[in-house]
Amino acid sequence: MKKRVKGKCALQKRTLPLSIFFIAIAATAIITAVVTHFVEQKQALNNESVVKITRNDLDEVQDLYDLISTNYVDKVSQEELIQGALKGMTDSLDDPDSKFLTAKETKELNAKVAGTFEGIGANLELENRLPIIDEVPLKNSPAEKAKLKANDIIFEVDGKSTKDKSLDQVASLIRGEKGTQVKLLIQRETDKFEVSLERDVVPEDTVKGTIDEKNPTVGSIQIDNFRETTALEFRTIIEELRKQGAKTFVIDLRQNAGGVLAEAERVASYFLQNGDTIAQFSNNDKIISIDKAGKKIDQGFKVKEPTVFLVDQESSFGSELLAAAVKNKNYPIIGVHTFGKGTVQSVHSIGKDNYVQLTVMKWFMPDGKSVEGKGVTPTIEADYPEYGKLPPISKESNWRIGDSGDPIKNINTILKALGYPTDGSVFNEATRDAVTKIQNENNLPATGALDDKTVDVLQEKLFRLVKANDAAYAKAIETLKK
């Protein structure tokens, strides 16, 4: 019997906020968008707000540069010294969201904001330890143009075998700069053939939606992040779900780290009446903008159906702005306190290839209160089960009999939640037997040791268990039925 291990590789990473959350719930990911245009529309900086410095103020910097350049015992890179000085200046702000960026880091940040990447536009999963294209490739993508199909198996990438590699490893082989070539060895049913593809910019979806399986009038929508196309994607999904019979909606903002604030405002405007306040913005403790819902933002598109919103402690920035805006108009917000990020960043070029991401504004809820460090309080508390909050299992150690400590305690807790009789903080015989059973059930070598592939299976099982016991989503359905 074929065993298929599902997973989303970076070739076409689609929105899976829940799975990401349960695999890496302990990690707080703050993805700050490049919002220069948005910021420029709001900022009203004047010359009085800029403190000028003189040449004398920088003499000490020049002196140190000269001292290191001429006297340091080893060879020194001029570029690295300058970048070090720039990094030190931004680090001195003691602001985790203001940082010095290399050209490569800025390019990656821009890709996140644009919702695009450079690849072939195919989504993969693992089957029998080989990557398989699990859906029809994206329209007009390199994969579609090469006539690749769902269920095609990728045996090699540029002559390198893909067997036993993770999805991330396969993705890193396939992805690359626009215009470059990648050669794939494909098996389709009984035929094997090679195909060369030219990598291109591929759009990355940020929104997905379905009709709830048990409630055919409920549309369930997940927003993974806010990027340049998110509001349009969201509107399209709403319209599609309406055609499928949706009369109410659940909007899942959990694990949504923020992104482009203007897109979050646009989605918020869909749910508000014209003239309702979305958010306020300040610079130097002075309100410089109060943004309100209206046709200029939402082009006249509105969502008037009963709707509830889901949030968690990883909902940040743009997702908090949206949650706060709709909460102010009495939409139910279900979950736990959000992250609490009430600042806005923009990216500026410094010299030829250097950039600085700098905090330039603060944003406030419609009532004028800040979310910074506080978050948005849900109207209905509903949390994940405790086993869903455990940190991911480390792959750095091939866990086995005799190992102990907090990581093992977490492993035993997960196994117990999955129905295996384990307990304590020691990898004992019961732990080994549970791991061996999982390996046998998934066609893995029955070593009894918790290796990388077994960890992946265990995390997937945990994700399914937590999803089946999603109290917040269940409360959302209950709320909509009232």
Side-chain angles (χ1 to χ4, degrees), residues 1-10 16 18-26 123-134 151-157 160-173 185 187 385-469:
M1 175 176 151
K2 289 184 178 180
K3 179 62 183 176
R4 181 171 287 189
V5 180
K6 299 200 76 171
K8 302 297 179 182
C9 83
L16 279 177
L18 277 174
S19 61
I20 295 171
F21 176 79
F22 295 128
I23 291 175
I25 190 163
N123 192 61
L124 304 183
E125 64 182 22
L126 292 179
E127 180 181 308
N128 296 332
R129 303 180 186 178
L130 284 166
I132 181 172
I133 299 175
D134 73 335
N151 296 318
D152 282 352
I153 301 171
I154 302 177
F155 270 85
E156 293 181 0
V157 179
K160 297 179 181 179
S161 173
T162 60
K163 189 165 182 64
D164 293 327
K165 284 185 168 58
S166 68
L167 289 180
D168 285 343
Q169 290 173 320
V170 176
S172 67
L173 292 175
L185 176 61
Q187 178 172 319
E386 290 302 314
Y387 52 77
K389 302 177 185 178
L390 295 173
I393 301 172
S394 172
K395 291 186 177 182
E396 294 180 4
S397 299
N398 194 7
W399 303 108
R400 61 185 69 238
I401 286 279
D403 291 332
S404 61
D406 288 340
I408 304 302
K409 183 178 181 180
N410 293 339
I411 290 168
N412 281 332
T413 301
I414 293 172
L415 290 169
K416 188 174 183 179
L418 292 170
Y420 299 96
T422 59
D423 205 355
S425 57
V426 177
F427 197 119
N428 52 29
E429 286 79 6
T431 310
R432 179 199 59 199
D433 292 345
V435 171
T436 301
K437 187 173 182 180
I438 289 172
Q439 291 168 332
N440 284 326
E441 292 170 347
N442 292 274
N443 297 326
L444 297 173
T447 63
L450 204 55
D451 55 29
D452 287 1
K453 292 184 175 62
T454 309
V455 167
D456 288 339
V457 171
L458 189 56
Q459 298 282 36
E460 177 69 18
K461 285 179 174 290
L462 178 65
F463 161 63
R464 293 176 183 173
L465 177 67
V466 181
K467 187 175 182 181
N469 293 276

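Values in this document were obtained by computation on a predicted structure and should not be read as measured data.
Distance CG/Asp403 to CG/Leu450: 10.0 Å, rounded to 0.5 Å. Interatomic distance, CG of Leu458 versus CG of Leu415, reported as 5.5 Å (0.5 Å rounding). Taken from CG in Leu418 to NZ in Lys461, the straight-line distance is 7.0 Å, to the nearest 0.5 Å. In this structure, the separation between CG on Leu173 and CD1 on Ile154 is 10.0 Å, given to the nearest 0.5 Å. Interatomic distance, Ile401 CD1 to Asn428 CG, rounded to the nearest 0.5 Å: 6.5 Å. Put simply, CD1 on Ile132 and CD on Gln187 are 9.5 Å apart, with the number rounded to the nearest 0.5 Å.
Looking at Thr162 and Ile153, their side chains never come closer than 4.5 Å, going by heavy atoms from C-beta outward.
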For residues 432-439, run the donor-acceptor check on the side chains, cut-off 3.5 Å, and write out each pair with its distance to 0.1 Å, sequence neighbours left out.
unit_1 : atom_1 : unit_2 : atom_2 : d
Thr436 : OG1    : Arg432 : O      : 2.8
Gln439 : OE1    : Thr447 : N      : 3.0
Gln439 : OE1    : Gly448 : N      : 3.0
Gln439 : NE2    : Thr447 : OG1    : 3.4
Gln439 : NE2    : Ala449 : O      : 2.9
Gln439 : NE2    : Thr454 : OG1    : 3.1

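Of all the heavy atoms in Val170 and Lys165, the pair that sits closest is CG2-CB, 4.0 Å. Nearest heavy-atom pair, Ala430 versus Pro421, reported as atom, atom and distance to 0.1 Å: CB-O, 3.5 Å.
Atom CG of Asp164 is surrounded by more than 12 heavy atoms from other residues, nucleotides or ligands within 6.0 Å.
A side chain to side chain contact (heavy atoms under 4.5 Å, CB included) with Val457 is found for one member of Asn443, Leu462, Asn442 and no other, namely Asn442.
Residue pairs meeting the side-chain hydrogen bond (donor to acceptor under 3.5 Å, both in side chains) criterion with at least one member in residues 407-423, sequence neighbours excluded: Asn412-Thr431, Tyr420-Glu441.
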